[in-house]
Chemist: 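I'd like to ask you about the structure that follows.
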Amino acid sequence: MKQYLDLCQRIVDEGEWVNNARTNKKCLTVINADLVYDVANNQFPLVTTRKSFWKSAIAEVLGYLRGYQNAADFRALGTKTWDANANLNQAWLDNPNRKGPDDMGLIYGALGRAFPKHDGGHVDLLQQIVDDLTNGIDNRAEILTFFHPGAFDLGCLRPCMYEHHFSLLGDTLYLNSTQRSCDVPLGLNFNMVQVYVLLALMAQITGHKPGKAYHKIVNAHIYEDQLVSMRDIQLKREPFASPKLIINPKIKTLKDIETWVTLADFSVEGYEHHDAIKYPFAV
Ligand SMILES: Nc1nc(=O)c2c([nH]1)NC[C@@H]1CN(c3ccc(C(=O)N[C@@H](CCC(=O)O)C(=O)O)cc3)CN21
Ligand SMILES: O=c1ccn([C@H]2C[C@H](O)[C@@H](COP(=O)(O)O)O2)c(=O)[nH]1
């Protein structure tokens, strides 16, 4: 939690204003932040200086792992967070590749689970990584990537957390996640949970102990209409201790995640938080 608040404060103190053409908003911006999550000791990085809707964040991860590409499927899992990008973004509404209401196109898991090959086929990057790790193999390229510049026009948004690199040291699994662009008040609140859960889940289904998750952020920003709430409300609050995340131990395979896992398989223990803050969302 401290590292999150430190980043927010750093943006407020040292950030530079950058005009963002896509959203037509100004962003107070810093470049580069490195966050670390101690998954081995269940230090769940949940924001406590406002109420965090952590279930929505985990629903997104489940949708990515299943390769979903439709906001209705994400709603069925328990999150509405893709509705705006699928249905309110004018550039995507005007894009002939959009297949209709709620379509998000080829982004995140839809791409990572069927990455196009040169011969016209596809490769399921996640399945390959799970198979390797389950067999104790780390080929030093266990990389789940969602980044495919040749396919940007097939999706509603370029992936923000675009790469997850898994590594094995003995029986401990590590994760390095890279994020190119980060909406710190809204998105990072979710992204910290997601990096943590991804390592915890992957360790559980491949039979390893989770170690640390390293989260690199390149462009970290606060939108102009979020600044006052962050600076004058959220940053004035004292954080509470980190809660614990409990994952159903019956989840043992990728197939389990694909077939029966729901948000009921996740709970948080000891979550003390301040009141909710509603931050504006830039489409
Ligand atoms: N501008 C922007 N920021 C983002 O963080 C973001 C995008 N766009 N587009 C793609 C996804 C969607 N994400 C989202 C979308 C909405 C919320 C949101 O509204 N969060 C509220 C309430 C969530 C709820 O009730 O489930 C919050 O207070 O955290 C968070 C992340 C993260 N990403
Ligand atoms: O997981 C996510 C997804 C998106 N974001 C934020 C970062 C930016 O504010 C926007 C995306 O805009 P781009 O113009 O494509 O950079 O969404 C996030 O923080 N986390």
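Note that the structure is predicted; figures quoted are calculated from it, not measured. For ligands, and for the atoms within them, numbers begin at 1 and follow the listed sequence. In what follows, residues are counted from 1 in the order of the sequence shown.
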Chemist: Verify, without hydrogens or angle tests, whether Arg66 (side chain) and Ile257 (backbone) share a donor-acceptor contact under 3.5 angstrom.
Modeler: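 Judged by distance alone, yes, a pair lies under 3.5 Å.
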
Chemist: Of the side chain and backbone of Cys160, name the one, both, or neither that has a heavy atom under 4.0 Å from an atom of ligand 2.
Modeler: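 Near ligand 2, Cys160 shows its side chain, while the N, CA, C and O stay back.
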
Chemist: Compile the protein residues with any heavy atom at a distance under 4.0 Å from an atom of ligand 1; present them by chain, then by number.
Modeler: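 The answer is Arg50, Phe53, Ser56, Glu60, Thr81, Trp82, Asn85, Leu157, Asp183, Leu186, Gly187, Asn189, Phe190, Tyr223, Phe281, Ala282, counting any residue whose heavy atom sits under 4.0 Å from ligand 1.
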
Chemist: Note the single closest protein heavy atom to atom 1 (O) of ligand 2, along with its residue, its atom name and the distance in Å.
Modeler: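 Ranking protein heavy atoms by distance from atom 1 (O) of ligand 2, first comes Asn191 ND2, 2.9 Å.
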
Chemist: Does Tyr223 come within less than 4.0 Å of ligand 2, judged by its heavy atoms?
Modeler: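 Right, Tyr223 reaches ligand 2.
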
Chemist: Please say whether more than 12 non-hydrogen atoms of neighbouring residues, nucleotides or ligands are located less than 6.0 Å from CG in Asp34.
Modeler: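 Yes, the 6.0 Å shell around CG holds more than 12 heavy atoms from other groups.
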
Chemist: State which residues pass side-chain contact (heavy atoms from CB on, under 4.5 Å) with Ala220; sequence neighbours excluded, sorted by chain then number.
Modeler: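 With neighbours one apart ignored, the set is Leu7, Ile11, Val30, Val184, Ile217.
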
Chemist: Distance to 0.1 Å, residue and atom name: give those for the protein heavy atom nearest to atom 14 (O) of ligand 2.
Modeler: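 It is Arg22 NE, 2.6 Å.
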
Chemist: Hey, do the aromatic rings of Tyr162 and Phe146 have their centres closer than 6.0 Å?
Modeler: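 Here the rings of Phe146 and Tyr162 have centres that are no less than 6.0 Å from each other.
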
Chemist: Have a look at ligand 2 and work out which part of Leu186, if any, has a heavy atom under 4.0 Å from it: side chain, backbone, both or neither.
Modeler: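 None of Leu186 does.
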
Chemist: Identify the two heavy atoms, one from Gly78 and one from Leu263, that lie closest to each other, and give their separation to 0.1 Å.
Modeler: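 For Gly78 and Leu263, the tightest heavy-atom pair comes out as CA-CD1, 4.2 Å.
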
Chemist: What is the closest protein heavy atom to atom 19 (O) of ligand 2, and at what distance does it sit?
Modeler: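 Minimum-distance protein heavy atom for atom 19 (O) of ligand 2 reads Asp183 N, 2.8 Å.
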
Chemist: Taking only heavy atoms of His221, which atoms of ligand 2 are found under 4.0 Å from at least one of them?
Modeler: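 Listed by number with element, the hits are 7 (C), 8 (C), 9 (O).
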
Chemist: Centroid-to-centroid, His148 to Phe115, below 6.0 Å?
Modeler: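 That pair passes the under 6.0 Å test.
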
Chemist: Examine the proximity of ligand 2 to Tyr162 and report which part, side chain or backbone, both or neither, has a heavy atom under 4.0 Å away.
Modeler: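 Neither; no heavy atom under 4.0 Å.
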
Chemist: Tell me which protein heavy atom sits closest to atom 7 (C) of ligand 2, plus the residue, atom name and distance to 0.1 Å.
Modeler: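 Nearest protein contact, heavy atoms only, for atom 7 (C) of ligand 2 is Ser181 OG, 3.4 Å.
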
Chemist: Give a yes/no verdict on whether any heavy atom in Tyr108 is under 4.0 Å from an atom of ligand 2.
Modeler: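 Contact present.
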
Chemist: Just wondering, are more than 12 heavy atoms of other shown residues or ligands nearer than 6.0 Å to NZ in Lys212?
Modeler: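 12 or below, so no.
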
Chemist: With a 4.0 Å cut-off, would you call Asp6 and Lys2 a salt bridge?
Modeler: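 Between Lys2 and Asp6 there is a salt bridge, with a charged N closer than 4.0 Å to a carboxylate O.
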
Chemist: Looking at Gln179, which atoms of ligand 2 are within less than 4.0 Å of one of its heavy atoms?
Modeler: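 That gives atoms 18 (C), 19 (O), 20 (N) of ligand 2.
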
Chemist: Test of understanding: with side-chain contact (heavy atoms from CB on, under 4.5 Å), list the residues that count as partners of Pro185, not counting sequence neighbours.
Modeler: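 Pro185 satisfies side-chain contact (heavy atoms from CB on, under 4.5 Å) with Asp183, Ile222, Gln226, Met230, Tyr279 once adjacent residues are dropped.
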
Chemist: Kindly work out whether a path of hydrophobic side-chain contacts (I/L/V/M/F/W/Y, heavy atoms less than 4.5 Å apart) joins Phe266 to Val47.
Modeler: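 Yes, because Phe266 and Val47 connect within a single hydrophobic cluster, where side-chain heavy atoms sit under 4.5 Å apart.
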
Chemist: Does Met161 reach ligand 2, in the sense of a heavy atom lying below 4.0 Å from it?
Modeler: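 Contact check Met161 vs ligand 2: negative.
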
Chemist: Kindly write out the residues that satisfy side-chain contact (heavy atoms from CB on, under 4.5 Å) with Asp138, not counting sequence neighbours, or none if the list is empty.
Modeler: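 With sequence neighbours excluded, Asp138 shows a side-chain contact (heavy atoms from CB on, under 4.5 Å) to Arg140, Glu142, Ser167, Leu168, given in chain and number order.
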
Chemist: Between His215 and Tyr196 (judged by ring centroids, cut-off 6.0 Å), do the two rings come close enough to count as a pair?
Modeler: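 No; Tyr196 has its ring centre 6.0 Å or more from that of His215.
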
Chemist: Less than 3.5 Å between some nitrogen or oxygen of Gln194 and one of ligand 2, yes or no?
Modeler: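 No, since none of the N or O atoms of Gln194 sits under 3.5 Å from an N or O of ligand 2.
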
Chemist: Quick one: nearest non-hydrogen protein atom to atom 15 (O) of ligand 2, plus distance?
Modeler: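 Ranked first by proximity to atom 15 (O) of ligand 2 is Arg180 NH2, 2.8 Å.
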
Chemist: Run the ring-centre check on His164 versus Phe166 and record whether the distance is less than 6.0 Å.
Modeler: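 No, ring centres 6.0 Å or more apart.
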
